[in-house]
Structures are given as structure tokens and as C-alpha cells.
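Presented below is the structure to which this report refers.
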There are 2 protein chains.
Amino acid sequence: MKRDIFQAIADPTRRAILALIAIQALTPNAMAEKFDMSRQAVSKHIKVLQECELIKPEHSGREIYYHLNPQKMQEIDNWLAQFRKIWETQFNQLDKVLSTMKKQKK
Amino acid sequence: MKRDIFQAIADPTRRAILALIAIQALTPNAMAEKFDMSRQAVSKHIKVLQECELIKPEHSGREIYYHLNPQKMQEIDNWLAQFRKIWETQFNQLDKVLSTMKKQKK
DNA sequence: TAATTACGCAACCTTACGGTTGCAAATATA
DNA sequence: TATATTTGCAACCGTAAGGTTGCGTAATTA
């Protein structure tokens with residue numbers, strides 16, 4: 001089945017994994033130690049993240065270090081762009097209201 | 001059950017709904033016309049979006065206009081912030097490579 | 001008032017998700 | 001070579017997700 005970035009980040013464990021390896025590449029075992037679940041459960045999450053290319057494997061002997069793929073994370077940012085204008089407009093309107101209040105105060 | 005913004009935007013139909021009402025507030029019926037599914041199915045998605053406050057209802061007689069809540073959308077942006085530094089760093093490194101290549105060309 | 005329209009709620013069904021356990025393959029170590 | 005370690009894959013299970021249909025309720029209209 002085809003994986004989706006948005007579906008990938010829907011799970012809190014997977015978001016935690018992304019936050020972890022954003023700091024430092026980790027092996028599945030190292031990740032599993034951080035969570036209260038089996039290594040296999042964590043490996044399943046890794047598989048999902050890898051399928052949609054949010055993380056990249058780096059083989060080193062029998063260990064595999066997983067790295068974050070920032071380019072893919074940026075796709076979420078790109079999607080958000082269409083809404084960003086809207087909340088920026090709202091903030092500008094808030095600024096107007098605040099400056100109007102200031103003027104009235106004077 | 002407690003709803004989550006990230007789980008809410010995991011579904012492509014719900015992302016489409018958000019994109020639609022970002023332009024203009026719509027009623028459930030108006031939204032349902034845009035999708036190839038029943039009105040009730042769309043209403044279920046609306047319920048999910050409303051539970052996590054991504055959209056807000058505005059009652060007008062027997063019609064309900066749903067508006068986007070940009071503040072809540074911004075929470076996704078806030079989460080992305082921790083990764084944004086990383087891809088910006090990568091771009092800076094790309095800039096360095098490019099400027100080095102330019103110098104060598106000269 | 002009667003009929004229509006817009007909407008939400010509940011029951012139901014199929015499929016996907018997130019977890020488990022067990023096992024096989026590849027690498028490192030004794 | 002025999003053993004331990006690291007990982008992935010497959011089977012299984014309970015629950016939640018996403019769709020359907022049917023019905024009840026409130027507001028509009030004939």
C-alpha cells in the first residue's frame with residue numbers, strides 16, 4: 001500500500017522518532033530503548049517512515065543508523081504555505097485593532 | 001476519544017476540506033457536492049475536524065457554515081519549527097558548495 | 001399545518017492500524 | 001566453527017477508521 005507523509009506523522013510514536021533522530025541518527029535498538037514497547041513495534045514504525053522517505057538508512061555492519069530526511073519534512077511545510085497567508089492576515093488585522101485601541105487611549 | 005490535529009490531517013479528504021474552507025466558509029452539503037462520497041461521510045470528517053478545533057461552526061438558520069481556525073493550523077507550524085533549523089542548515093551548506101564551485105570556475 | 005430541506009446521530013460492515021510473538025538472515029565475537 | 005547480536009519479515013489479534021444506510025430533529029416553505 002502507498003504510504004503518505006501525513007499519515008506517517010499522525011502517530012505520536014513516529015513523531016517522537018523523528019524528533020529523536022533530528023538530533024542524532026539512531027539504530028532501531030537505540031530507539032526501542034526510548035519507548036515502552038517491543039523492538040518490533042518500533043521497527044514497524046521505522047518501516048512506515050522509511051517507505052515515505054521521511055528517514056534514510058545508513059548501513060554499518062549489522063547495525064543500521066536511521067537519519068532524518070529534512071527535504072521530505074519540508075513537504076509538510078509546503079502544504080502549510082497555503083494556510084500561512086491566512087493566519088498572517090489575521091495577525092495583521094489584530095495589529096490594526098491594537099494600534100486603533102492605542103490611538104483611542106491617547 | 002481524544003482527537004489529535006496530526007491524525008485529523010492524515011486523511012486526504014479532510015485536508016481537501018481544510019483547503020476548501022480556507023478560501024470560503026462552506027456548509028456540509030456544499031462540501032459534500034465536491035466529493036465522491038455521501039453527505040454523511042463528509043459530516044463524519046467535519047466532526048473530526050471540529051473536535052480538534054481545526055474548524056469552527058457558524059449557525060445560520062438550519063445551515064451551518066464551517067470556518068477554518070488558522071490558530072490551530074499554526075500548531076502544525078510550531079511543531080515543524082524544530083526541524084526547520086535542520087533543513088535551513090542544509091541549504092546554507094548547499095550555498096557554500098555553490099559559491100565554492102563559482103570561485104573555482106573563475 | 002403539512003411537506004421539504006439541512007443536519008446530526010446510531011448501527012453496521014470491511015479494512016487498516018498498532019501491537020504482540022516467533023523465526024530466519026546477516027554480521028560480529030568466542 | 002559455534003554462539004551471540006542486530007535486524008527484518010510473517011502471522012496473528014483487538015480496536016479504530018472510513019464508508020454505507022436509516023432515522024430523528026430543527027428550520028424553512030407551500
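Order of the sequence lines fixes the chain letters, A, B, ..., with proteins taken first and strands second; residue numbering starts at 1 for each chain.
The distance from the CD1 atom of A:Ile17 to the CD1 atom of A:Ile55 is 7.0 Å, given to the nearest 0.5 Å.
Counting to the nearest Å, the C1' atom of D:dG18 and the CD atom of A:Gln7 are 12 Å from each other. Between the C1' atom of D:dA17 and the CG atom of B:Leu49 lies a distance of 14 Å, rounded to the nearest Å. B:Gln50 places its CD atom 9 Å from the P atom of C:dC9, with the value rounded to the nearest Å. Per the geometry, CZ belonging to A:Phe35 stands 13 Å off P belonging to C:dT20, to the nearest Å. Counting to the nearest Å, the C1' atom of D:dG8 and the CD1 atom of A:Ile55 are 13 Å from each other. When rounded to the nearest whole Å, the span between CE of A:Met31 and C1' of D:dG8 equals 14 Å. Atom NE2 of A:His59 is separated from atom C1' of D:dT7 by 10 Å (rounded to the nearest Å). Put simply, NZ on B:Lys47 is 13 Å from C1' on D:dG18, counting in whole angstrom units.
Comparing B:Pro28 and A:Ser60 by the nucleotide of DNA chain C whose heavy atom lies nearest to each, the residue mapping closer to the 5' end is B:Pro28.
Sorted by first and then second residue, the pairs that involve residues 37-50 of chain B and meet side-chain hydrogen bond (donor to acceptor under 3.5 Å, both in side chains), not counting sequence neighbours, are B:Arg14-B:His45. Residue pairs meeting the ring-ring contact (aromatic ring centres under 6.0 Å, His included) criterion with at least one partner in residues 53-86 of chain B, sequence neighbours excluded, are B:Phe6-B:Trp79, B:Trp79-B:Phe83.
B:Tyr66 comes within 4.0 angstrom of the backbone, heavy atoms only, and of no base.
For the salt bridge (Lys or Arg N to Asp or Glu O under 4.0 Å) test, residues two or more places apart in sequence or in another chain that qualify with B:Glu53 are B:Lys56, B:Lys72. For A:Gln82, there are no side-chain hydrogen bond (donor to acceptor under 3.5 Å, both in side chains) partners at least two apart in sequence or on another chain. B:Lys85 pairs by the side chain to side chain contact (heavy atoms under 4.5 Å, CB included) definition with nothing, not counting sequence neighbours. Under the side-chain hydrogen bond (donor to acceptor under 3.5 Å, both in side chains) criterion, B:Asp77 pairs with A:Arg84, B:Arg84, not counting sequence neighbours.
Under 4.0 angstrom from either OP1 or OP2 of D:dT5 there lies no side-chain N or O belonging to A:Asn29.
Residues A:Met37 and A:Val48 do not share a hydrophobic cluster, clusters being chains of Ile/Leu/Val/Met/Phe/Trp/Tyr side chains in contact below 4.5 Å.
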B/S/- along nucleotides 19-26 of chain D (protein heavy atoms under 4.0 Å) is BBBB----
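For A:Ser43, the listed nucleotide lying nearest its side chain is D:dG8; candidates were D:dG8, C:dC7, C:dG8.
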Quick one: side chains of residues 18-36 of chain A, donor-acceptor pairs under 3.5 Å with protein atoms, not counting sequence neighbours, listed by atom name and distance.
residue: A:Thr27; atom: OG1; partner: A:Ala30; partner atom: N; Å: 3.2

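The rotation axes computed at either terminus of the helix from C:dT1-D:dA30 to C:dA30-D:dT1 lie 10° apart, taking five pairs at each end and rounding to 10 degrees.
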Give every pair of a protein N or O atom and an N or O atom of nucleotides 13-15 of chain D that lie under 3.5 Å apart, one pair per line with the distance.
none

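For the pair B:Glu58 and B:Ile64, the minimum side-chain heavy-atom distance is 4.5 Å or more.
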Working note: B:Glu75 + B:Leu80, criterion side chain to side chain contact (heavy atoms under 4.5 Å, CB included); need CA distance, chi angles, decisive distance, verdict. CA-CA 9 Å; B:Glu75 288 189 15; B:Leu80 268 182; over 6 Å; no
Could you walk me through whether B:Leu54 and B:Leu68 pass side chain to side chain contact (heavy atoms under 4.5 Å, CB included), step by step?
-> CA-CA 6 Å; B:Leu54 276 168; B:Leu68 186 71; 5.7 Å; no
